[in-house]
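Written out below as structure tokens is the structure these notes cover.
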Amino acid sequence: MALRAASLLPATISVHKEPKSNASLKDTTLFRLPFSTHFSFPLPLTQELRKKEVPARIVRAQTAATTPAVDQAAPQGKKTLRKGNVVITGASSGLGLATAKALAETGEWHVIMACRNFLKAEKAAKSIGINKENYSVMHLDLASFESVRQFADNFRRSGRPVDALVCNAAVYLPTAKEPTYTAEGFELSVGTNHLGHFLLARLLLDDLKKSDYPYKRLIIVGSITGNTNTLAGNVPPKANLGDLRGLAGGLNGIQSSPMIDGGDFDGAKAYKDSKVCNMLTMQEFHRRYHEETGITFASLYPGCIATTGLFREHIPLFRLLFPPFQKYITKGYVSEEEAGSRLAQVVSDSNLTKSGVYWSWNKDSKSFENQLSKEASDAEKAKKLWEISEKLVGLA
Ligand code: NDP
Ligand code: PMR
């Protein structure tokens with residue numbers, strides 16, 4: 001795949017003109033292996049208050065959670081002095097796990113690791129040294145709407161407020177010859193990365209609204225590869241949602257194409273399309289709900305974390321060459337730890353409260369508001385995507 005893309009490169013890539021204002025800060029020129037972190041977490045907590053936090057619990061999808069965690073009844077506008085509660089999907093590896101660690105380590109967050117593989121998540125949290133007081137694992141399979149609904153119910157029954165939701169989990173199936181499908185029959189990449197998260201975010205929105213935490217945030221992880229205003233986004237196959245006819249038809253490969261634009265199945269494109277959906281969804285949430293709720297909606301490109309499990313389905317040669325290629329050639333590489341602290345920053349840094357933003361980091365590891373591609377910032381497409389998606393997930 002790497003070789004195929006490399007050989008295609010000179011002939012097929014036409015890089016769009018970059019905006020003048022922050023041309024030196026674009027995704028494509030961001031990184032020089034930065035390892036320092038430059039962020040502060042708000043809301044210092046006293047040891048005493050921390051002691052009041054319930055111990056870490058394990059909650060399965062099938063069983064209701066038990067202990068009510070925190071008193072939610074603080075009056076509006078009053079600053080609460082409690083830990084924040086952040087739900088992170090796909091926290092069993094890679095970026096999600098590193099973010100869970102970064103937030104848990106502050107002692108100011110309780111991380112709910114929302115994962116499809118319960119034991120893997122539990123082992124991962126232990127092996128990375130997250131203090132058991134600072135996390136719980138709850139079962140969530142984004143490839144099943146039933147599981148997403150059960151997760152939301154179980155979470156609510158746990159009595160724990162939600163102050164931040166991070167839609168991080170994803171699958172990437174670049175070598176698949178044929179599409180595979182979610183429980184409800186949607187192509188797996190878009191079904192998991194977009195539709196599962198869309199349903200989850202919609203279901204937890206009311207809970208987020210109720211949070212009395214000083215900052216409430218809904219973060220959806222995006223990527224450079226869905227943005228065709230960058231070099232990385234111009235590596236074929238390029239993201240393109242077209243007129244959404246495949247999505248409107250149900251992405252089921254029977255009456256409709258398994259691809260959003262109605263074309264032939266391509267696993268790498270399906271992933272990139274799903275990332276465009278993630279970035280459009282974040283903006284549509286912002287337009288519909290930011291003013292009314294005060295929730296900050298944001299997306300980000302955390303850098304190229306070339307060593308994560310995301311590339312597990314890729315050919316071995318790709319997995320061997322991709323990290324050095326990103327480290328030494330594109331200089332886009334970031335470690336899982338650095339990427340985790342970037343996402344943690346978007347969750348909790350008091351400087352990053354602006355809503356509707358797609359964050360990136362420059363070579364000095366400083367965050368900046370990046371520009372999305374034309375398609376990934378198309379408000380009409382975002383609205384259409386929202387309306388079709390809410391029908392597909394059973395909300396309209
Ligand atoms: P990983 O494969 O390490 O992490 C993905 C996580 O998603 C895993 O925990 C995985 O669970 C989980 N997951 C997959 N399917 C489901 C499902 N059906 N239900 C619940 N959880 C699921 O990859 P990354 O850490 O790299 O990816 C995290 C995010 O970062 C993704 O949104 C990706 O698009 C984004 N990203 C990654 C970049 C990179 O360079 N790696 C660059 C830009 C963005 P399990 O452990 O059980 O497999
Ligand atoms: Mg890319 C500055 C250039 C840059 C950056 C930051 C990335 C990030 N990539 C860049 C350039 C290139 N890539 C070039 C020039 C090539 C052709 C040789 C290239 C190829 C390539 C492949 C085959 N790149 C890839 C793949 C993948 O399979 C990865 C992918 O698309 O996953 C969806 C990928 C990525 N490159 C990145 C990043 C961040 C990824 C993967 C993850 C993602 O977007 O989620």
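Each ligand, and each atom within it, is numbered from 1 in the order the structure gives.
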- request: Determine, considering heavy atoms only, which of T225, L95, T230, T308 sits nearest to atom 40 (C) of ligand 2.
  value: T225

query: So is there a nitrogen or oxygen of Y172 less than 3.5 Å from a nitrogen or oxygen in ligand 2?
result: yes

- request: May I ask you to list the atoms of ligand 2 that are less than 4.0 angstrom from any heavy atom of F318?
  value: 22 (C), 23 (C), 26 (C), 27 (C), 28 (O)

- prompt: Is N227 reaching over with its side chain to a backbone N or O of S373, donor-acceptor style, under 3.5 angstrom?
  reply: yes

task: Evaluate whether atom CZ of R245 has more than 12 neighbouring non-hydrogen atoms of other residues, nucleotides or ligands under 6.0 angstrom away.
output: no

query: K209 and salt bridge (Lys or Arg N to Asp or Glu O under 4.0 Å): which partner among D206, D207, D212?
result: D206

message: Going by the closest heavy atom to atom 10 (C) of ligand 2, which one wins out of A268, A232, G303?
response: A232

query: Which of the atoms in ligand 2, numbered in the order shown and given with their element, are less than 4.0 Å from a heavy-atom of L310?
result: 45 (O)

statement: Contact region, K272 to ligand 2, non-hydrogen atoms below 4.0 Å, reads side chain

task: Could you list the atoms of ligand 2 found under 4.0 angstrom from a heavy atom of S223?
output: 43 (C), 44 (O), 45 (O)

field: Proximity of Q326 to ligand 2 by residue part, where a heavy atom lies under 4.0 Å
entry: side chain

task: For S257 and G263, indicate whether the former's side chain and the latter's backbone hold a donor-acceptor pair under 3.5 Å.
output: yes

- request: Please state whether the rings of Y271 and Y172 are parallel, tilted or perpendicular, taking 30° and 60° as the class boundaries.
  value: tilted

message: With a 3.5 Å distance limit and no angle check, can you tell me whether R217 reaches the backbone of T296 through a side-chain donor-acceptor pair?
response: no

message: On a heavy-atom basis, I'd like to know which of Y301, F311, F325, Y271 is closest to atom 39 (C) of ligand 2.
response: Y301

field: Ring centre gap for Y213 and W109 strictly below 6.0 Å
entry: yes

field: Atom NZ of K383: over 12 foreign heavy atoms under 6.0 Å
entry: no

- prompt: Can a salt bridge be assigned to the pair E338 and R342 using a cut-off of 4.0 Å between side-chain N and carboxylate O?
  reply: yes

Residue pairs, two or more places apart or on separate chains, that pass salt bridge (Lys or Arg N to Asp or Glu O under 4.0 Å) and touch residues 251-263: D261-K269

All N/O donor-acceptor pairs, side-chain side in residues 91-102, below 3.5 Å, sequence neighbours left out:
{"residue": "T99", "atom": "OG1", "partner": "L95", "partner atom": "O", "Å": "2.7"}
{"residue": "K101", "atom": "NZ", "partner": "E105", "partner atom": "OE2", "Å": "2.8"}
{"residue": "K101", "atom": "NZ", "partner": "I128", "partner atom": "O", "Å": "3.1"}

field: Distance filter under 4.0 Å to T330 heavy atoms, resulting ligand 2 atoms
entry: 2 (C), 3 (C), 4 (C), 10 (C), 11 (C)

Atom indices of ligand 2, in the order listed, that fall short of 4.0 Å to a heavy atom of H314: 28 (O)

- request: With sequence neighbours excluded, give me every side-chain hydrogen bond (donor to acceptor under 3.5 Å, both in side chains) pair touching residues 274-283.
  value: N193-S274, K275-N278

- request: Go through ligand 2 atom by atom and flag the ones less than 4.0 Å from a non-hydrogen atom of V235.
  value: 12 (C), 13 (N), 14 (C), 16 (C), 19 (C), 20 (C)

field: Any side-chain heavy-atom pair of K238 and K272 under 4.5 Å
entry: no

task: Show the protein residues that qualify under the rule heavy atom under 4.0 Å from an atom of ligand 1, listing them in chain and number order.
output: G90, S92, S93, G94, L95, R116, N117, K120, L140, D141, L142, A143, N168, A169, A170, V171, T192, V221, G222, S223, Y271, K275, Y301, P302, G303, C304, I305, T308, G309, L310, F311, R312

- line: Atoms of ligand 2 under 4.0 Å from any heavy atom of C304, numbered from 1 in the order shown, are 37 (C), 38 (C), 39 (C)

task: Examine the proximity of ligand 2 to I305 and report which part, side chain or backbone, both or neither, has a heavy atom under 4.0 Å away.
output: neither

